[in-house]
Asks: 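Here it is: the structure, laid out below.
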Amino acid sequence: MTQVPVLIAGAGPTGLVLALWLTKIGIKVRIIDKALEKETTSRALVIHARTLEFYRQLQISDDVVKAGFKFPALNLWVNHKPKARVQLADVGEGLTPFPYIIILPQDQHEELLLNKLKELGVEVERDAELADFEQNEKSVIAKILKGDGTIETITTDYLAGCDGAHSIVRKKLDVGFEGSTYPHMFYVADVIGSGPALNGELHVSLDKSEFMAFFPLKQTGHARLIGVIREDQKADPKKDPTWEDVNPRLLKEMDVTIAQVKWFSKYRVHHRVASHFQKDRVFILGDASHIHSPLGGQGMNTGIGDAVNLAWKLGEVLKGNFEERLLSSYETERISFAKQLVKTTDRAFRFISNDGPIARFVRTKAIPLILPQIFKRASTGSFVFRTLSQTGITYNPHPANSVIELQTGDRLPWIASVDNFKFLQSLDWQVHIYGERTIESKYVIHSFAWNDEMKEKRLKKDVAYLIRPDGYIAEIL
């Protein structure tokens, strides 16, 4: 048997970010994946600002932004006609170093993460599947099934299940995965074509019965298409839907010509949250612990948030800086957000995809009228951005108290005038003082001359803030 501090099952973005953060802070990992090769289809597309902030801490944000495509605008179509346009470029100006949305197909995203991990001396072990595990007070004993049929038994201090919606880790832990499946059949396709909906912006069709969306990709004329396949659209109701069931509607309703379909798939959308994210020395993250509608591009970003939250805590415990009970805060903090997210996306998704008079009114009348007005107003536009970008996530149990001044558990606000986020690249605890204050601490202290921007972002003058490795406020001193 071999020994490794952390075994990671699953090499999607969640598992890769967990491995990257742990390796950066000096914790050895093994990361395995049953797939023979990395993802080759685009799957998840959207990278939000909070993820980019984490990537800046890992010193990879520049590469991600360079490889990706900044989301410029959203166009709403109703009954075959464009009805509204919402400018999204730099909508989060002043809130984050990344006031935009990045589009980067998952295969390219994973390739970048894999290369960064390889530079640190860690490679994903392919064709290797977690077959079984058991745990005791001191370790986890895991069995890894190799492609040649052999089984390797290893011991690890902790096991992280990043193995997707059908997670073996979650099933072995025997935790609930409550929720349900939406009744509609959805499709997703990566296409090359021409037409008004392939102009490099997001286009969403909200007609009387369902929705359809074109997500822009970096290359001209390339897009990700997502929509609903109605039973009355299918050429043969007894067979699975194909591209030919979709294409005629595109030509008719969106005036789009598709020259090439690079990838087409159908799927059912689920919304579920695991009843627990941890049992003793075993954790589940990403799709293994929560799945929901693709609305807002939240899934992958939430999994990466899980990875960062768990990574620094595992590091502190394995280094002996904290007692093991710190790890229980992973579930407390992340399950709360997952439940809130699933509830919110479920409610919005039903309005967008369901039939019925109320849903049709919201889809075809209310949304095209209200959404542009929301983004025109600075206060409501920034609120929507903070929600979508996940920069508004707080671990403060009483978030209403943060309206006036920051509280423990809130994300440290970005102060553009001094770029206080650059110091977070240490991936370590630190103290920030905004104003003048003399204080002794075992952590590095960063002091900033007081200015009006700090006041506007609810910081208190001459107060010391103890900042966690993930950029949240741990204590106000």
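Throughout, residue positions are numbered sequentially from 1 according to the sequence presented.
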Asks: Flag yes if more than 12 heavy atoms outside Lys460 fall under 6.0 Å of its NZ atom; otherwise flag no.
Replies: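 Result for NZ/Lys460: open.
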
Asks: Taking all atoms of both residues into account, what is the closest heavy-atom pair of Leu104 and Ala67, and its distance?
Replies: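 Minimum heavy-atom separation between Leu104 and Ala67: CD1-O, 3.5 Å.
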
Asks: Could you work out, with ring-ring contact (aromatic ring centres under 6.0 Å, His included) as the rule, every residue matching Phe423, not counting sequence neighbours?
Replies: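 Once residues adjacent in sequence are excluded, the partners of Phe423 under the ring-ring contact (aromatic ring centres under 6.0 Å, His included) criterion are His446, Phe448.
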
Asks: For a quick test of reading the model, state the closest non-hydrogen atom pair linking Val342 to Arg272 and the distance between them.
Replies: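 Distance-wise, the nearest heavy atoms are CG2-O, 4.2 Å.
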
Asks: Judged by modelled atom types alone, do His270 and Thr181 share a side-chain donor-acceptor pair under 3.5 Å?
Replies: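 Indeed, the side chains of His270 and Thr181 share at least one donor-acceptor pair under 3.5 Å.
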
Asks: Could you pull out all residues at least two apart from Glu134 that satisfy side chain to side chain contact (heavy atoms under 4.5 Å, CB included)?
Replies: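 If we apply the side chain to side chain contact (heavy atoms under 4.5 Å, CB included) test to Glu134, skipping adjacent residues, the hits are Ile141.
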
Asks: Which atom pair, heavy atoms only, marks the closest approach of Ile473 to Ile467?
Replies: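 Answer, listing the atom of Ile473 first, then Ile467: CG1-CD1, 4.0 Å.
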
Asks: Could you tell me whether Arg224 sits above the aromatic face of Phe214, with NZ or CZ closer than 6.0 angstrom to the six-membered ring centre and within 45 degrees of the axis?
Replies: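 Pair Arg224/Phe214 does not count as cation-pi.
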
Asks: Lys138 and Asp157: salt bridge (Lys or Arg N to Asp or Glu O under 4.0 Å), yes or no, with the steps?
Replies: CA-CA 7 Å; Lys138 295 183 178 180; Asp157 292 305; over 6 Å; no

Asks: For a side chain to side chain donor-acceptor pair (under 3.5 Å) with Gln390, tell me which candidate from Thr302, Thr51, Asn301 qualifies.
Replies: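 Going through the options one by one, the only one that passes is Thr302.
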
Asks: Tell me whether Gln219 at atom CD has more than 12 heavy atoms from other residues, nucleotides or ligands lying less than 6.0 Å away.
Replies: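 It does: Gln219 CD has more than 12 such atoms within range.
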
Asks: Examine distances only and state if a side-chain atom of Thr156 and a backbone atom of Pro5 form a donor-acceptor pair shorter than 3.5 Å.
Replies: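 Yes; at least one donor-acceptor contact below 3.5 Å.
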
Asks: Using a 3.5 Å distance criterion without hydrogens, assess whether the side chain of Arg170 forms a donor-acceptor pair with backbone atoms of Ala165.
Replies: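 At least one qualifying donor-acceptor pair exists.
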
Asks: Would Trp414 and Asp419 count as a side-chain hydrogen bond (donor to acceptor under 3.5 Å, both in side chains) if you check the C-alpha gap in whole Å, the side-chain angles of each, and the deciding distance to 0.1 Å?
Replies: CA-CA 7 Å; Trp414 179 58; Asp419 192 13; 3.0 Å; yes

Asks: So, for Leu113 and Pro13, which heavy atoms are closest and what is the spacing to 0.1 Å?
Replies: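 Where Leu113 meets Pro13 most closely, the heavy atoms are CD1-CA, 4.1 Å.
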
Asks: Before you tell me yes or no, could you show the steps for Thr332 and Tyr395 under side-chain contact (heavy atoms from CB on, under 4.5 Å), namely the whole-Å CA-CA distance, both residues' side-chain angles and the distance that decides it to 0.1 Å?
Replies: CA-CA 9 Å; Thr332 302; Tyr395 302 132; over 6 Å; no

Asks: Distance only, no hydrogens: is a donor on one side chain within 3.5 Å (strictly under) of an acceptor on the other, for Ser180 and His271?
Replies: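 Yes, side-chain donor-acceptor contact under 3.5 Å.
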
Asks: Once you round to the nearest 0.5 Å, how far does CG of Leu388 lie from CD of Gln298?
Replies: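 So the gap between those two atoms works out to 6.0 Å.
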
Asks: Can you check ring-ring contact (aromatic ring centres under 6.0 Å, His included) on Phe277 and Phe283, steps first, answer last?
Replies: CA-CA 6 Å; Phe277 287 9; Phe283 305 84; over 10 Å; no

Asks: Testing the basics here: between Ala131 and Leu145, what is the closest heavy-atom pair and its distance to 0.1 Å?
Replies: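 For Ala131 versus Leu145, the nearest heavy atoms are CB-CB, 4.1 Å.
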
Asks: Answer yes or no: are there more than 12 heavy-atom neighbours, outside Ile151 itself, under 6.0 Å from its atom CD1?
Replies: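 Correct, the count exceeds 12.
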
Asks: Once salt bridge (Lys or Arg N to Asp or Glu O under 4.0 Å) is applied, what residue pairs with a partner in residues 465-477 remain, sequence neighbours excluded?
Replies: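 Found Glu333-Arg468, Arg468-Asp470.
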
Asks: Checking Glu331 against His276: is there a side-chain donor and acceptor pair closer than 3.5 Å?
Replies: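 The answer is yes; a qualifying pair exists.
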
Asks: Does a donor on one side chain and an acceptor on the other come within less than 3.5 Å for Thr150 and Asp148?
Replies: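 A donor-acceptor contact under 3.5 Å links the two side chains.
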
Asks: For residues 18-27, which side-chain donor-acceptor pairs fall under 3.5 Å, sequence neighbours excluded?
Replies:
residue	atom	partner	partner atom	Å
Thr23	OG1	Ala19	O	2.6
Lys24	NZ	Leu58	O	3.3

Asks: Using a 3.5 Å distance criterion without hydrogens, assess whether the side chain of Asn309 forms a donor-acceptor pair with backbone atoms of Gly305.
Replies: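 No; judged by distance alone, with no hydrogens or angles, the pair does not exist.
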
Asks: Please check if the side chain of Thr380 supplies one atom and the backbone of Ile374 the other of a donor-acceptor pair under 3.5 Å.
Replies: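 Confirmed, Thr380 side chain pairs with Ile374 backbone.
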
Asks: Please determine if Asp63 and Lys116 form a salt bridge, counting it only when a charged side-chain N lies under 4.0 Å from a carboxylate O.
Replies: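 Answer for the salt bridge query: yes.
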
Asks: Does any part of the side chain of Leu285, heavy atoms only, come nearer than 4.5 Å to the side chain of Tyr330, both counted from C-beta?
Replies: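 Yes, side chains in contact.
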
Asks: Between Glu152 and Lys146, does any side-chain N to carboxylate O distance fall below 4.0 Å?
Replies: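 Lys146 and Glu152: salt-bridged.
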
Asks: Decide if atom NZ of Lys313 counts as having more than 12 heavy atoms of other residues, nucleotides or ligands within a radius under 6.0 Å.
Replies: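 Result for NZ/Lys313: enclosed.
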
Asks: Can you list every pair that meets side chain to side chain donor-acceptor pair (under 3.5 Å) and has a residue in residues 278-287, with sequence neighbours left out?
Replies: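 Sorted result for residues 278-287: Arg281-Glu324.
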
Asks: Does Lys218, at its NZ atom, have more than 12 non-hydrogen atoms belonging to other residues, nucleotides or ligands within less than 6.0 Å?
Replies: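 Result for NZ/Lys218: enclosed.
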
Asks: Establish, yes or no, whether a centroid distance under 6.0 Å links the rings of Phe71 and Tyr100.
Replies: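 Centroid separation for Phe71 and Tyr100: 6.0 Å or greater.
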
Asks: Run the salt bridge (Lys or Arg N to Asp or Glu O under 4.0 Å) check on Lys34 and Asp127 step by step: do they pass?
Replies: CA-CA 4 Å; Lys34 65 180 180 181; Asp127 201 12; over 6 Å; no

Asks: Please assess Leu477 against Val463 for the test side-chain contact (heavy atoms from CB on, under 4.5 Å), listing each intermediate value before the final yes or no.
Replies: CA-CA 6 Å; Leu477 306 171; Val463 168; over 6 Å; no

Asks: Counting N and O atoms only, with roles assigned by atom type, does the side chain of Asn136 sit under 3.5 Å from a partner on the main chain of Ser139, one being a donor and the other an acceptor?
Replies: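 Checked: pair present.
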
Asks: In the structure I gave you, are the side-chain heavy atoms of Val317 and Tyr158 within less than 4.5 Å of one another anywhere?
Replies: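 Val317 vs Tyr158: side chains touch.
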
Asks: Indicate the atoms forming the closest heavy-atom contact of Gly10 with Ile31, along with that distance.
Replies: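 Shortest heavy-atom separation between Gly10 and Ile31 comes out as O-CD1, 3.7 Å.
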
Asks: Tell me whether the count of non-hydrogen atoms from other residues, nucleotides or ligands lying under 6.0 Å of CZ in Phe383 goes above 12.
Replies: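 Open: at most 12 neighbouring heavy atoms sit under 6.0 Å from CZ of Phe383.
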
Asks: Take the angle between the ring planes of Trp429 and Phe322 and call it parallel below 30°, perpendicular above 60°, tilted in between.
Replies: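 Because their plane-to-plane angle is under 30°, the rings of Trp429 and Phe322 count as parallel.
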
Asks: Would you find a donor on one side and an acceptor on the other, under 3.5 Å apart, between the side chain of Asp33 and the backbone of Arg126?
Replies: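 A pair under 3.5 Å: no.
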
Asks: Do the side chain of Lys70 and the main chain of Ala89 share a donor and acceptor less than 3.5 angstrom apart?
Replies: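 Side chain of Lys70 to backbone of Ala89: no pair is present.
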
Asks: Keeping Asp163 on the side-chain end and Val169 on the backbone end, is there a donor-acceptor pair under 3.5 Å?
Replies: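 Present.
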
Asks: Identify, with sequence neighbours excluded, every residue that meets ring-ring contact (aromatic ring centres under 6.0 Å, His included) alongside His109.
Replies: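 ring-ring contact (aromatic ring centres under 6.0 Å, His included) check on His109 returns Tyr55.
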
Asks: Is there a donor-acceptor pair closer than 3.5 Å between any side-chain N or O of Thr394 and the backbone N or O of Gly409?
Replies: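 Confirmed, Thr394 side chain pairs with Gly409 backbone.
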
Asks: Counting only heavy atoms not in Lys319, do more than 12 fall under 6.0 Å of its NZ?
Replies: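 Result for NZ/Lys319: enclosed.
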
